[in-house]
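Before any comments, here is the structure.
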Amino acid sequence: MEHPTVVLGIEMMDQDHLRIERMFELASHAPDDDLSALYRDIAKELAAHFAREEDFLRDKQFPGLHCHLAQHNVLLAEMDHSTHPKSAAGDLRRRMQVTMPQLVFSQVTTMDRLAAAFLKGELKQADFDVLRLPLSGLAE
């Protein structure tokens, strides 16, 4: 398997991240007329990835899930194509090559890295107990 830019060591997450990176890379050579459809495809893939990841983390009883969900929601709102419907091809291409990949990279290197550490046993519930986190049932 090829690897994403940041390898977390959790196969499902790494495979999804690699697929998303490849989709963003398509923007560098996609014809202008195809950019809007590519943007929608990336948004759908991000939403599907987040759903898979959230289900996985919920199943593993990840203590920081509510924070993770909140970050996913912020990214999905930022990616919402309806907020950028008339973007010029150059703006849309830049958004797919720079802005959104940077936001996703930030998510992977912070929230996903923390989740992966928990999943690999590097962090325990007690590591989260000292944090001031909202009650888990409120954010789900």
Side-chain angles (χ1 to χ4, degrees):
M1 170 181 134
E2 289 185 59
H3 301 287
T5 302
V6 176
V7 176
L8 299 174
I10 305 297
E11 187 174 354
M12 181 276 299
M13 295 169 85
D14 288 341
Q15 287 177 355
D16 278 8
H17 294 159
L18 178 61
R19 185 172 39 259
I20 291 163
E21 284 180 16
R22 286 179 175 162
M23 292 181 81
F24 280 129
E25 289 170 7
L26 293 174
S28 66
H29 58 279
D32 288 353
D33 291 344
D34 294 346
L35 290 177
S36 189
L38 177 59
Y39 193 87
R40 282 190 302 275
D41 290 346
I42 293 171
K44 286 178 189 170
E45 180 56 34
L46 269 177
H49 161 64
F50 290 160
R52 283 188 296 274
E53 189 174 270
E54 290 163 10
D55 287 345
F56 183 66
L57 294 177
R58 192 174 287 109
D59 183 55
K60 300 295 183 183
Q61 299 179 356
F62 174 56
L65 181 61
H66 48 281
C67 294
H68 211 100
L69 291 169
Q71 191 67 33
H72 284 175
N73 289 337
V74 167
L75 280 171
L76 289 175
E78 183 61 35
M79 191 74 191
D80 184 1
H81 187 58
S82 67
T83 62
H84 311 284
K86 304 240 186 250
S87 295
D91 292 340
L92 202 50
R93 191 180 306 277
R94 197 167 23 263
R95 200 163 167 68
M96 286 188 282
Q97 288 184 285
V98 179
T99 307
M100 292 312 302
Q102 286 177 348
L103 292 173
V104 170
F105 181 77
S106 178
Q107 162 75 20
V108 170
T109 58
T110 57
M111 300 301 285
D112 285 355
R113 186 170 274 158
L114 183 68
F118 176 80
L119 294 170
K120 293 187 291 186
E122 297 166 5
L123 294 172
K124 304 288 183 217
Q125 174 66 47
D127 296 309
F128 292 85
D129 290 343
V130 297
L131 302 175
R132 292 180 46 177
L133 301 174
L135 298 175
S136 62
L138 297 178
E140 295 176 23

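If you're wondering where the values come from, they're calculated on a predicted model, not measured in any experiment. Just the heavy atoms: all of them, side chains too, but no hydrogens, waters or symmetry mates, feed the values below.
Note: the hydrophobic cluster containing Val7 does not contain Phe105 (ILVMFWY, side chain heavy atoms under 4.5 Å, direct or indirect links). Follow the hydrophobic side-chain contacts under 4.5 Å out from Leu65 and you never reach Met111; the two are in separate clusters.
For His68 (side chain) and Gly64 (main-chain N/O), no donor-acceptor pair under 3.5 Å exists by modelled atom type. Listed for the Glu21 side chain is a donor-acceptor partner under 3.5 Å among the backbone atoms of Thr5. With Tyr39 contributing its side chain and Arg93 its backbone, the two residues share no donor-acceptor pair below 3.5 Å.
The NE2 atom of His49 sits 4.5 Å away from atom CD1 of Ile20, with the distance rounded to the nearest 0.5 Å. We find the CZ-CD distance between Phe50 and Glu45 to be 10.0 Å, quoted to the nearest 0.5 Å. Taken to the nearest 0.5 Å, the CZ atom of Arg22 stands 8.0 Å off from the CD atom of Glu25. The CG atom of Leu92 lies 8.0 Å from the CZ atom of Arg95; values are rounded to the nearest 0.5 Å. The distance from atom CG of Leu76 to atom CE of Met79, rounded to the nearest 0.5 Å, is 9.0 Å. The CG atom of Asp16 sits 10.5 Å away from the CD atom of Glu11 when rounded to the nearest 0.5 Å.
A 4.5 Å side-chain heavy-atom check between Arg40 and Ser36 finds at least one atom pair inside the cut-off. Between Met23 and Asp41 there is a side-chain heavy-atom pair separated by less than 4.5 Å.
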Report task. Check the pair Asp127, Lys124 against salt bridge (Lys or Arg N to Asp or Glu O under 4.0 Å), reporting the backbone distance first and the verdict last. Result -> CA-CA 5 Å; Asp127 296 309; Lys124 304 288 183 217; over 6 Å; no
Requested in this report: Evaluate the side chain to side chain contact (heavy atoms under 4.5 Å, CB included) criterion for residues Leu46 and Val104: first the C-alpha distance (whole Å), next the side-chain angles of each, then the deciding distance (0.1 Å), finally the verdict.
Outcome: CA-CA 9 Å; Leu46 269 177; Val104 170; 4.1 Å; yes
Query - Full working for side chain to side chain contact (heavy atoms under 4.5 Å, CB included) between Ile42 and Met96 - result: CA-CA 9 Å; Ile42 293 171; Met96 286 188 282; 3.7 Å; yes
**Report entry** salt bridge (Lys or Arg N to Asp or Glu O under 4.0 Å) evaluation trace for Asp55 with Arg52
**Finding:** CA-CA 5 Å; Asp55 287 345; Arg52 283 188 296 274; over 6 Å; no
Requested in this report: Apply side chain to side chain contact (heavy atoms under 4.5 Å, CB included) to Gln107 and Asp112, showing your working.
Outcome: CA-CA 6 Å; Gln107 162 75 20; Asp112 285 355; 3.2 Å; yes
Report task. Carefully, step by step, assess Arg113 and Leu8 under the rule side chain to side chain contact (heavy atoms under 4.5 Å, CB included). Result -> CA-CA 6 Å; Arg113 186 170 274 158; Leu8 299 174; 4.1 Å; yes
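Under the side chain to side chain contact (heavy atoms under 4.5 Å, CB included) rule, His17 has a single partner from Met12, Glu53, His3, which is Glu53.
Summarising the geometry of Asp14 relative to Gly9, their closest heavy-atom pair is OD2-N, 3.0 Å, with the distance given to 0.1 Å. Counting all heavy atoms, side chain and backbone alike, Leu38 lies closest to Ala30 at CD2-CB, 4.2 Å. Contact record, Leu69 with Glu54: CD2-CD, 3.0 Å, taken as the closest heavy-atom pair.
Heavy atoms from other residues, nucleotides or ligands lying under 6.0 Å from CD of Gln125 number more than 12. Within a 6.0 Å radius of NZ in Lys120, other residues, nucleotides and ligands contribute more than 12 heavy atoms.
Ring pair Phe62/Phe56: centre-to-centre distance not below 6.0 Å.
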